[in-house]
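Below is one structure, written out as C-alpha cells, with a few remarks after it.
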Amino acid sequence: MKKYFIAVAALALLAACSGKKTTEPALIEEDIYAIDEAAPGAPALPTVTGKAAKPVNMRDSLKVDPKKGSVIQKKYKGTFPAADGPGIVYDLTLYYQQDSDDGVYEMDATYLEAENGKDKTFSSTGKRKVKHGTPSNSEAIVYELIPSDGDMAFYFQAEGDSLTLLNQELQKAASDLNYTLILVP
C-alpha cells in the first residue's frame, strides 16, 4: 500500500511540475517599502513586496472551469495619497471567470519620488475572493486580495467602474482623500 501511495504522489508531483517553461527572470531580490499610514483616518495601504519582474503571469495560474464561463480581465489604476511623497500609483489587474467569485490578481505600486527623487515600483500577486456586504452596506461587493507572500489581505469595494480601498473592518477612509482605482478601458 505504501508503494502505491508513493507512486501516486510521485505522479501527481510530475503532473504539477510539467507545465510550460517560463522565460521570466527568477526572483533575485526582495525589498519591502510601505507607508503604513497615508493620512489620519485612512485605510492602511497594502504592503507590496518589490520584485525586479513579475515571476509569473497570474492569468496562467487561474484555475479555469469550463462550466464557469470565459476568463475576464479587468485593469484598474489610480493614485493614492502618501505621507512621504506625492503619491503611490496603483495598477491592479484582476483575472476571474464570469460565473466565479474566485480569481487572481497582479498589482504594481509605484511610489512617486521614493528614493532621491526617483520613482520605485513594486509588484504583488495573489488570489482574489468576493465577499458580500460591509458594516454600512449589506449589498456591497467587496474584493478581498490575498497576497501570495502571506502579507495581510486588503479589500476594495466595487462601485460601478471603480474600486475603493477599505480598511480591515471593511470601512471606507474617514478622510476626504481619494482611495479609488478607476477601470481602464
Side-chain angles (χ1 to χ4, degrees), residues 16 19-20 22 24-27 30-36 38 42-66 68-82 87-112 119-134 140-173 178-185:
K20 293 187 276 183
T22 179
E24 297 288 329
L27 177 63
E30 290 190 5
D31 296 321
I32 293 183
Y33 191 90
I35 298 173
D36 292 331
L45 297 176
T47 301
V48 179
T49 303
K51 298 178 179 84
K54 290 185 177 106
V56 67
N57 179 347
M58 289 306 289
R59 183 179 177 140
D60 292 343
S61 70
L62 181 65
K63 295 178 184 174
V64 178
D65 180 351
K68 294 190 176 182
S70 60
V71 173
I72 295 175
Q73 173 182 332
K74 287 190 176 181
K75 184 175 186 127
Y76 296 87
K77 194 167 188 173
T79 303
F80 291 175
I88 307 166
V89 177
Y90 283 91
D91 190 347
L92 172 65
T93 305
L94 303 174
Y95 303 98
Y96 58 95
Q97 284 188 269
Q98 67 185 27
D99 297 328
S100 175
D101 283 347
D102 295 330
V104 293
Y105 78 90
E106 297 174 337
M107 184 172 68
D108 290 332
T110 301
Y111 292 76
L112 303 175
D119 299 348
K120 190 158 185 173
T121 300
F122 298 93
S123 297
S124 173
T125 58
K127 295 181 182 179
R128 178 207 82 149
K129 296 194 178 278
V130 175
K131 295 180 170 276
H132 299 278
T134 66
I141 296 174
V142 176
Y143 297 153
E144 177 183 26
L145 303 182
I146 306 165
S148 299
D149 61 9
D151 278 346
M152 180 173 59
F154 45 102
Y155 303 89
F156 286 95
Q157 182 174 335
E159 300 174 304
D161 287 343
S162 65
L163 300 177
T164 301
L165 183 66
L166 304 175
N167 64 20
Q168 294 296 303
E169 290 78 35
L170 305 181
Q171 299 167 337
K172 292 183 182 179
N178 182 20
Y179 291 97
T180 301
L181 302 179
I182 305 297
L183 182 66
V184 176

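For the numbers below, each heavy atom of this structure counts, side chains included, while hydrogens, waters and symmetry mates do not.
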Just to verify, what does Y143 make a side-chain hydrogen bond (donor to acceptor under 3.5 Å, both in side chains) with, not counting sequence neighbours? none
Is there side-chain contact between L92 and L145, with heavy atoms separated by less than 4.5 Å? yes
Please determine whether salt bridge (Lys or Arg N to Asp or Glu O under 4.0 Å) holds for the pair R128 and D102, giving the CA-CA distance in whole Å, both sets of side-chain angles, and the decisive distance to 0.1 Å. CA-CA 6 Å; R128 178 207 82 149; D102 295 330; over 6 Å; no
Applying side-chain hydrogen bond (donor to acceptor under 3.5 Å, both in side chains), can you list everything that pairs with S162, at least two apart in sequence or on another chain? none
d(Y105 OH, F154 CZ) to nearest 0.5 Å is 4.0 Å
Looking only at non-hydrogen atoms, find the nearest pair between T134 and L170 and report the distance. CB-O, 3.5 Å
Decide yes or no on side chain to side chain contact (heavy atoms under 4.5 Å, CB included) for D91 and K75, but give the supporting numbers first. CA-CA 7 Å; D91 190 347; K75 184 175 186 127; 3.0 Å; yes
Reported CG-to-OH distance for the pair L181 and Y76, which is rounded to 0.5 angstrom: 9.0 Å
Excluding sequence neighbours, so at least two apart, what forms salt bridge (Lys or Arg N to Asp or Glu O under 4.0 Å) with K77? none
Run the numbers on Y95 and E106 for side chain to side chain contact (heavy atoms under 4.5 Å, CB included), then give the verdict. CA-CA 9 Å; Y95 303 98; E106 297 174 337; 3.3 Å; yes
I182 CD1 to T164 OG1 distance, which is reported to the nearest 0.5 Å: 7.5 Å
Audit row: K172, L166, side chain to side chain contact (heavy atoms under 4.5 Å, CB included) steps and yes/no: CA-CA 5 Å; K172 292 183 182 179; L166 304 175; 3.6 Å; yes
Please answer whether the main-chain N or O of T125 pairs with a side-chain N or O of S148 as donor and acceptor at a distance below 3.5 Å. yes
Atom pair OH/OH of Y179 and Y90 - distance to nearest 0.5 Å: 9.5 Å
Measuring from atom CG of D151 to atom CD1 of I146, what distance do you get when rounded to the nearest 0.5 angstrom? 12.5 Å
Are there more than 12 heavy atoms of other residues, nucleotides or ligands under 6.0 Å from atom CD1 of I141? no
Among V89, L165, N178, whose side chain to side chain contact (heavy atoms under 4.5 Å, CB included) with F80 holds? L165
Between atom CD of Q157 and atom CG of L163, what is the distance when rounded to the nearest 0.5 Å? 9.5 Å
Where do A82 and G87 come nearest, in terms of heavy atoms and distance? CB-CA, 3.9 Å
